[in-house]
**Q** 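Below: one structure in structure tokens.
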Amino acid sequence: MSVKQIVVLGAGIGGMSAAYELRGALARDRAAITVIGEGPKFSFTPSNPWVAVGWRKPADIQVDAPKYLAKKRIDFETCGADRVLPEKSEVLLRDGRTLSYDYLVIATGPRLAFDEVPGLGPGAHSQSICTTDHAQAAWVAYEAFLKDPGPIVIGAAPGVSCFGPAYEFAMILDADLRKRKLRDRVPMTYVTSEPYIGHMGLGGVGDSKGLLESELRQRHIKWVANARITEVGPAELKAEELDERGQLAREHVIPFKYAMVMPPFTGVDAVRAAKEMCNPRGFVLIDAYQRNPRFPNVYAAGVCVAIPPVEQTPVPTGAPKTGFMIESMVGAIVANIRAEFDGQEVKARATWNAICLADMGDIGAAFVAIPQIPPRNVTWAKVGRWVHVAKIAFEKYFLAKMRSGNSEPIYEKYLLKLLGIDRLKSD
Ligand SMILES: Cc1cc2nc3c(=O)[nH]c(=O)nc-3n(C[C@H](O)[C@H](O)[C@H](O)COP(=O)(O)OP(=O)(O)OC[C@H]3O[C@@H](n4cnc5c(N)ncnc54)[C@H](O)[C@@H]3O)c2cc1C
């Protein structure tokens, strides 16, 4: 039996889980597994908002990926991929070498498209929490802001699909400023492309509208929804608020001393260069089994996957891809690659349930949408202190899992079963 080559592109939540689970399903005499990352660190992205207020140091939420993967006999390339060459079943690395694969799992997450709004992003006038490096830079800027506080704007630009972190960060900043007794000096505004508060790119989840409006009101955070952010200057953010027909209703110029705005996403350059594999924004096209229709030995999981918006909105919004959904995509990929190895039919499908725990600094909000696209079988949103505690537990648990390589340990399996949540679709 020859050993097949599996390459996993990206060492984030999707890529690391895929590598460990593939190893769990396929022994070394069947598959050689190589992960390609950008540098040696795995970062637990959901904790970035805590880094940005100094509640975590980057090292607290990062793991030395090559060290722990090696224990499971998984190779790691740190130089990053320059380009996927699907016609040749090869990945060109940034150091000029190429890796051949029998199967490729793409899990590169997003390219952060700051270029789509003038003045957006850490290279210009707003902070970002999308990567741990950005969150660390946001913390440095926040420390300076604390010495001379003023207005804060938190926003989500047109085309954003990831709204949870924007809400989270607004509430966490509020909690942090209250602890520091500085909240009275900081007017706060949330500006979003969502048609209404709590839409979250999902058409709402349970009463997420009422719930999040109430939280923002209680925390004295004003909001502008259905808004197209058109420009971020050094000290003010410009936005056009639309009515429900998409006509201009009002123009806003909001001054700030500190701004964090979520950018829209596209596919990363190394992947979107392979146009025949991607949609126009560079996200990887997949069939029901997570395989690329044109190149069936290419699978994809996570934020890099092309999924349509849940609904049309006056200002464009996208559908979020949250952690559990990503793990469910990974579960389907691993089952399907294993089936291919065994000469069986590929039939595992991800459930794509949206489950999100959003921290608010002292309490938190949990959202469950099963399935993600309405009409749904289960949909609820709840606020409580237990969510804040659950989110910390999730961070500790996931980082431990990245060190142990123990994919889907027994308690995760049973806890999710208890909540009526399955990773894979049963036919
Ligand atoms: C701030 C923030 C908070 C979030 N919080 C939550 C949450 O609380 N709960 C939840 O369910 N979801 C959350 N999400 C959504 C989602 O779970 C995360 O974005 C998650 O990290 C996505 O996983 P991923 O594997 O698709 O991409 P990522 O985790 O972004 O990983 C992609 C990896 O690929 C690497 N890569 C990219 N290009 C290349 C290349 N050319 N060569 C090699 N490597 C490459 C990147 O460096 C990165 O390490 C959050 C998202 C953000 C941005």
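Along the sequence shown, the residues carry numbers beginning at 1. Just so you know, these numbers use all the heavy atoms, side chains as well, and skip hydrogens, waters and symmetry mates. Counting convention: from 1, in listed order, for ligands and their atoms alike.
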**Q** Please could you name the atoms of ligand 1 that Gly80 approaches to less than 4.0 Å, counting only its heavy atoms?
**A**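 In order of number, 42 (N), 43 (C).
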
**Q** Tell me whether the centres of the aromatic rings in Phe44 and Phe394 are closer together than 6.0 Å.
**A**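 Yes - the distance between ring centres of Phe44 and Phe394 falls below the 6.0 Å cut-off.
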
**Q** Does the protein place any heavy atom closer than 4.0 Å to atom 27 (O) of ligand 1?
**A**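 There is a protein heavy atom less than 4.0 Å from atom 27 (O) of ligand 1.
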
**Q** Ignoring angles and geometry beyond distance, decide whether Lys391 reaches within less than 3.5 Å of ligand 1 through its nitrogen or oxygen atoms.
**A**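 Yes, since at least one N or O of Lys391 sits under 3.5 Å from an N or O of ligand 1.
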
**Q** Should Lys401 and Glu327 count as an ion pair when the cut-off is N to O under 4.0 Å?
**A**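 Salt bridge between Lys401 and Glu327, a charged N being under 4.0 Å from a carboxylate O: yes.
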
**Q** For the residue pair Tyr142 and Tyr258, does the interplanar ring angle fall in the parallel (under 30°), tilted (30 to 60°) or perpendicular (over 60°) class?
**A**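 If you compare the ring of Tyr142 with that of Tyr258, the planes turn out perpendicular.
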
**Q** Taking all heavy atoms of Leu112 and all of Pro263, pick out the closest pair and write down the distance.
**A**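 Looking at all heavy atoms of both residues, the shortest contact is CB-CG, 4.1 Å.
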
**Q** With heavy atoms under 4.0 Å as the rule, classify the contact between Ala270 and ligand 1 as side chain, backbone, both or neither.
**A**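 The answer is the side chain of Ala270.
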
**Q** Under 4.0 Å, heavy-atom basis, I'd like to know which part of Pro46 is in contact with ligand 1: side chain, backbone, both or neither.
**A**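 It is both parts that get close, each with some atom under 4.0 Å.
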
**Q** Do any heavy atoms of Lys321 fall under 4.0 Å from ligand 1?
**A**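 It does; at least one heavy atom falls under 4.0 Å.
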
**Q** Answer yes or no: is there an ion pair linking Arg294 with Glu87, defined by an N-O contact shorter than 4.0 Å?
**A**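 Judged by the 4.0 Å cut-off on N to carboxylate O distance, Arg294 and Glu87 do form a salt bridge.
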
**Q** If you take the nearest heavy atom of each of Gly12, Ala11, Pro110, which one is closest to atom 30 (O) of ligand 1?
**A**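 The residue whose heavy atom sits nearest atom 30 (O) of ligand 1 is Pro110.
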
**Q** Heavy-atom contact check, 4.0 Å cutoff: does Gly164 meet ligand 1?
**A**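 False for this residue.
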
**Q** Before accepting this row, confirm whether a basic side-chain N of the pair Asp174/Arg219 lies closer than 4.0 Å to the acidic partner's carboxylate O.
**A**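 Salt bridge: yes.
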
**Q** Of the backbone atoms (N, CA, C, O) and the side-chain heavy atoms from C-beta on, which set of Asp359 has a member under 4.0 Å from an atom of ligand 1: side chain, backbone, both, or neither?
**A**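 Looking at Asp359 and ligand 1, no heavy atom falls under 4.0 Å.
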
**Q** Mark up the atoms of ligand 1 that fall under 4.0 Å of a heavy atom belonging to Gly323, in ascending order.
**A**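 Near Gly323, the atoms of ligand 1 are 10 (C), 11 (O), 12 (N), 17 (O).
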
**Q** A cation-pi test, strictly: NZ or CZ of Lys321 under 6.0 Å from the centre of the six-membered ring of Phe283 and no more than 45 degrees from its axis. Yes or no?
**A**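 Pair Lys321/Phe283 counts as cation-pi.
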
**Q** What closest approach, in Å, do Lys72 and Tyr20 show between heavy atoms, and which atom pair accounts for it?
**A**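 That closest heavy-atom pairing would be CG-CE2, 3.7 Å.
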
**Q** Counting only nitrogen or oxygen atoms and a 3.5 angstrom limit, does Val303 reach ligand 1?
**A**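 There is such a contact, yes.
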
**Q** Of the side chain and backbone of Leu357, name the one, both, or neither that has a heavy atom under 4.0 Å from an atom of ligand 1.
**A**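 The answer is the backbone.
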
**Q** Using 4.0 Å as the upper bound for N to carboxylate O, is an ion pair formed by Glu395 and Lys391?
**A**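 Salt bridge flag = no for Glu395 with Lys391.
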
**Q** List every atom of ligand 1 that sits less than 4.0 Å from any heavy atom of Ile13, numbering the atoms from 1 in the order shown and giving each element.
**A**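 Matching atoms, with element in brackets: 20 (C), 21 (O), 23 (O), 25 (O), 29 (O).
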
**Q** Determine, using heavy atoms of Ala107 and all atoms of ligand 1, whether some pair is separated by less than 4.0 Å.
**A**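 Ala107: in contact with ligand 1 (<4.0 Å).
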
**Q** Please work out whether any backbone atom (N, CA, C, O) or any side-chain heavy atom from C-beta onward of Cys162 is under 4.0 Å from ligand 1, and answer side chain, backbone, both or neither.
**A**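 The side chain, only.
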
**Q** Heavy-atom contact check, 4.0 Å cutoff: does Arg111 meet ligand 1?
**A**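 False for this residue.
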
